[in-house]
Student: 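Okay, handing you the structure first.
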Amino acid sequence: MEGQSYARMPRVKIRELRDDYARFELRDTDASIANALRRVMIAEVPTIAIDLVEIEVNSSVLNDEFIAHRLGLIPLTSDRAMSMRFSRDCDACDGDGQCEFCSVEFHLMAVCRNDETQDVTSSDLISSDHTVVPVDYSESAASIDASDGISGNKKGGITIVKLRKGQEVKLRAIARKGIGKDHAKWSPAATVTFMYEPEIHINEDLMESLTLEEKKEWVESSPTPVFEIDQVTQQVMVVDAEAYTYDDEVIKKAEAMGKPGLVEINAKQDSFIFTVETTGAIKASQLLLNAIEILKQKLDAVRLSEDTVEADDQFGELGAHMRGG
Amino acid sequence: MNAPDRYERFVVPEGTKKVSYERDTKIINAASFTIEREEHTIGNIIRMQLHRDENVLFAGYKLPHPLQYKIIVRIHTTSQSSPMQAYNQAINDLDRELDHLKNAFEAEMVKFSRDY
Ligand SMILES: [Zn+2]
């Protein structure tokens with residue numbers, strides 16, 4: 001019964017890895033897998049985000065809905081999300097969506113008592129669960145401060161609203177597990193892209209028939225720095241193949257110069273270069289691992305079950321009956 | 001006000017089966033699988049995996065309409081296999097590939113943190 005396996009064995013090579021950023025090569029697979037991973041990372045890996053807001057006092061300049069929307073968009077640390085329940089399938093709270101298995105409660109209280117404008121930020125949110133808190137950007141903000149002198153918010157939080165003297169905001173918020181397909185506020189991805197790895201072959205014989213001036217002109221026709229001329233040998237070399245954006249400019253230029261076939265550029269169909277950047281809700285490496293897990297769960301859900309086979313048997317019987325069997 | 005709930009795009013309604021299939025009445029070893037609440041992500045990987053199976057003569061999928069949240073996968077095989085067998089094997093092979101990818105990435109993470 002078990003036929004031979006047509007499964008592939010993809011290879012991965014990490015080029016760069018930070019908490020919220022990853023760049024890696026994926027080889028020995030096809031575009032359908034690369035694209036499925038990209039789509040799942042953007043729209044189907046769960047995170048936690050504020051989904052219900054009860055406002056008690058709001059005398060700020062922003063209306064209640066405006067504040068509720070801004071609260072929803074604040075990234076929350078979501079390592080718990082994979083093991084949490086969706087409120088809609090939670091039986092512990094009966095669709096209420098407010099129990100510990102499917103939600104986290106937040107409180108926000110801010111009053112401005114000074115003449116100076118007061119910023120109400122994500123760091124003013126008090127969480128009922130110390131593992132689910134607004135993402136802290138103060139470390140990365142501090143490094144930006146040091147490097148180019150751009151001063152951000154002193155507390156490092158995301159500004160929700162600004163208050164003047166006497167204004168007040170007091171609210172309770174419920175954060176729930178969700179996915180980007182439902183609302184973009186639940187997407188853990190800031191950027192997920194992949195490109196095909198280009199293979200560039202220069203026809204050396206044809207290239208040597210060009211004068212140095214012509215070579216320079218041709219190299220400069222590329223909008224991105226893909227080629228360079230070696231100072232010593234005056235040969236055209238590929239310095240950064242991945243800078244090529246598949247714009248065809250150098251190919252058109254070669255044709256215009258009467259040298260078609262000067263360069264041949266192919267996209268390797270089984271190699272991809274991924275760039276993954278997260279909102280900080282989960283780590284970039286975890287985003288890929290969670291995407292693999294979610295994709296496996298999705299595949300498992302579409303397996304033919306005993307149920308489907310039975311339905312077919314009935315149909316088969318009916319078919320046999322109709323054929324007079 | 002009368003907008004459908006957003007979760008209708010990905011939650012299978014009660015009483016509806018996630019997967020069902022219908023054999024082709026005219027062609028032997030051909031069938032159409034209807035997968036509820038799935039789209040290109042699943043449809044395209046299953047189709048491409050089926051293309052790797054030498055007993056599969058045809059495999060394709062379609063999203064009939066953007067507001068009908070289902071896909072249809074059509075498979076035609078040789079007499080050496082059946083659409084159901086090919087469908088199951090495609091899923092098993094994809095599952096194995098993803099297991100391998102997970103292990104490869106985890107091993108690479110360990111290697112990366114050690115080397116850099
Ligand atoms: Zn609950």
Side-chain angles (χ1 to χ4, degrees), chain A residues 1-17 22 24-33 35-40 43-44 86 88-89 178-179 181-183 285 288-289 291-296 298-305 307-309 311-312 315-316 319 322, chain B residues 5-7 9-12 17-23 25 31 33 35-55 73 80-81 84-102 104-109 111-113 116:
Chain A
M1 188 76 192
E2 260 304 293
Q4 67 190 102
S5 174
Y6 299 100
R8 283 166 299 216
M9 299 294 183
R11 287 181 291 139
V12 193
K13 186 174 183 295
I14 299 174
R15 286 191 183 170
E16 244 184 293
L17 188 60
F24 61 91
E25 298 163 8
L26 176 65
R27 292 174 196 282
D28 299 344
T29 188
D30 71 357
S32 71
I33 291 288
N35 198 39
L37 287 171
R38 182 190 65 84
R39 288 173 64 97
V40 171
E44 299 193 61
F86 284 109
R88 61 172 175 277
D89 341 295
I179 58 172
K181 226 182 196 183
D182 190 341
H183 191 291
S285 54
L288 177 69
L289 291 170
I292 294 170
E293 187 56 37
I294 297 285
L295 198 51
K296 274 170 61 73
K298 282 170 76 73
L299 281 168
D300 206 43
V302 302
R303 279 201 156 90
L304 295 175
S305 60
D307 255 15
T308 20
V309 176
D312 179 66
F315 179 79
M322 277 158 57
Chain B
D5 288 317
R6 288 191 307 250
Y7 64 76
R9 283 174 61 200
F10 50 87
V11 178
V12 183
K17 286 210 178 79
K18 183 77 178 173
V19 196
S20 58
Y21 68 87
E22 204 176 326
R23 287 200 176 99
T25 50
F33 296 76
I35 309 174
E36 282 292 337
R37 269 56 181 174
E38 289 297 344
E39 37 165 47
H40 301 288
T41 308
I42 285 292
N44 199 34
I45 51 170
I46 291 180
R47 172 183 79 114
M48 294 310 284
Q49 188 64 42
L50 283 163
H51 288 171
R52 294 173 61 79
D53 187 335
E54 58 193 17
N55 289 317
V73 179
Q80 303 299 304
S81 183
M84 299 78 194
Q85 198 187 320
Y87 179 87
N88 278 330
Q89 201 188 333
I91 290 172
N92 289 338
D93 289 346
L94 283 168
D95 196 58
R96 205 169 304 169
E97 174 170 350
L98 289 171
D99 275 333
H100 178 84
L101 181 61
K102 180 172 178 279
F105 187 73
E106 280 172 342
E108 176 66 10
M109 267 170 68
K111 189 170 168 283
F112 188 85
S113 59
Y116 298 89

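The chains referred to below are lettered A, B, ... by the order of the sequence lines, with proteins before strands, and numbering in each begins at 1. Worth knowing before you read on, the calculation uses all heavy atoms, side chains too, and leaves out hydrogens, waters and symmetry mates.
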Student: Evaluate the salt bridge (charged side-chain N to carboxylate O under 4.0 Å, His left out) criterion for residues B:Lys102 and B:Asp99: first the C-alpha distance (whole Å), next the side-chain angles of each, then the deciding distance (0.1 Å), finally the verdict.
Tutor: CA-CA 5 Å; B:Lys102 180 172 178 279; B:Asp99 275 333; over 6 Å; no

Student: Side chain from CB out, backbone as N, CA, C, O: work out which of these in A:Asp30 comes under 4.5 Å of a heavy atom of chain B, or both, or neither.
Tutor: side chain

Student: Heavy-atom distances under 4.5 Å only: say whether B:Phe10 touches chain A with side chain, backbone, both or neither.
Tutor: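 Contact with chain A is through the side chain of B:Phe10 alone.
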
Student: Please classify the contact between B:Ile35 and chain A as side chain, backbone, both or neither, with a heavy-atom cut-off of under 4.5 Å.
Tutor: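 Contact with chain A involves the side chain of B:Ile35 alone.
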
Student: Report which part of B:Glu36 has an atom under 4.5 Å of a heavy atom belonging to chain A: side chain, backbone, both, or neither.
Tutor: neither

Student: Please determine whether a side-chain nitrogen of the Lys or Arg among A:Asp28 and A:Arg11 lies less than 4.0 Å from a carboxylate oxygen of the Asp or Glu.
Tutor: yes

Student: What part of A:Arg38 is in contact with chain B, defined as an atom under 4.5 angstrom from a non-hydrogen atom: side chain, backbone, both or neither?
Tutor: neither

Student: Below 4.5 Å, heavy-atom pairs only: which of A:His183, A:Glu293, A:Lys298 has the largest tally toward chain B?
Tutor: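 Most heavy-atom pairs under 4.5 Å with chain B: A:Lys298.
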
Student: Sort out for me which of A:Lys13, A:Lys296, A:Arg15 touches chain B most, counting heavy-atom pairs under 4.5 Å.
Tutor: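 Most heavy-atom pairs under 4.5 Å with chain B: A:Lys296.
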
Student: Which atoms of A:Leu289 come close to chain B, meaning under 4.5 Å heavy atom to heavy atom: side chain ones, backbone ones, both, or neither?
Tutor: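 For A:Leu289, the side chain is the part near chain B, not the backbone.
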
Student: What about B:Tyr7 and A:Phe86, are their ring centers closer than 6.0 Å?
Tutor: no

Student: Do the side chains of B:Glu39 and A:Lys181 get close enough for a salt bridge, i.e. N-O under 4.0 angstrom?
Tutor: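 A:Lys181 and B:Glu39: salt-bridged.
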
Student: Determine the option with the most heavy-atom pairs under 4.5 angstrom with chain A, choosing from B:Leu94, B:Asp53, B:Asn88.
Tutor: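 The residue among B:Leu94, B:Asp53, B:Asn88 with the greatest pair count is B:Asp53.
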
Student: Is there a salt bridge (charged side-chain N to carboxylate O under 4.0 Å, His left out) between B:Lys18 and B:Glu38 once you walk through the steps?
Tutor: CA-CA 9 Å; B:Lys18 183 77 178 173; B:Glu38 289 297 344; 3.0 Å; yes

Student: With distance as the sole criterion, is a donor-acceptor pair present between the side chains of A:Ser32 and B:Asn44 under 3.5 Å?
Tutor: no

Student: Of the backbone (N, CA, C, O) and the side chain (C-beta and beyond), which part of B:Leu98 lies under 4.5 Å from a heavy atom of chain A, both, or neither?
Tutor: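 Both parts, heavy atoms under 4.5 Å.
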
Student: Between B:Asp93, B:Val12, B:Asp5, B:Val11, which has the largest tally of heavy atom pairs under 4.5 Å with chain A?
Tutor: B:Asp93

Student: If you apply the rule side chain to side chain contact (heavy atoms under 4.5 Å, CB included), what do you find for B:Leu101 with A:Leu37, and how did you get there?
Tutor: CA-CA 11 Å; B:Leu101 181 61; A:Leu37 287 171; 3.7 Å; yes

Student: Select, from A:Asn35, A:Asp300, A:Leu295, the one with the greatest count of heavy-atom pairs under 4.5 Å involving chain B.
Tutor: A:Leu295

Student: With salt bridge (charged side-chain N to carboxylate O under 4.0 Å, His left out) as the test, would you mind laying out the steps for A:Arg39 and A:Glu44 before giving the verdict?
Tutor: CA-CA 7 Å; A:Arg39 288 173 64 97; A:Glu44 299 193 61; over 6 Å; no

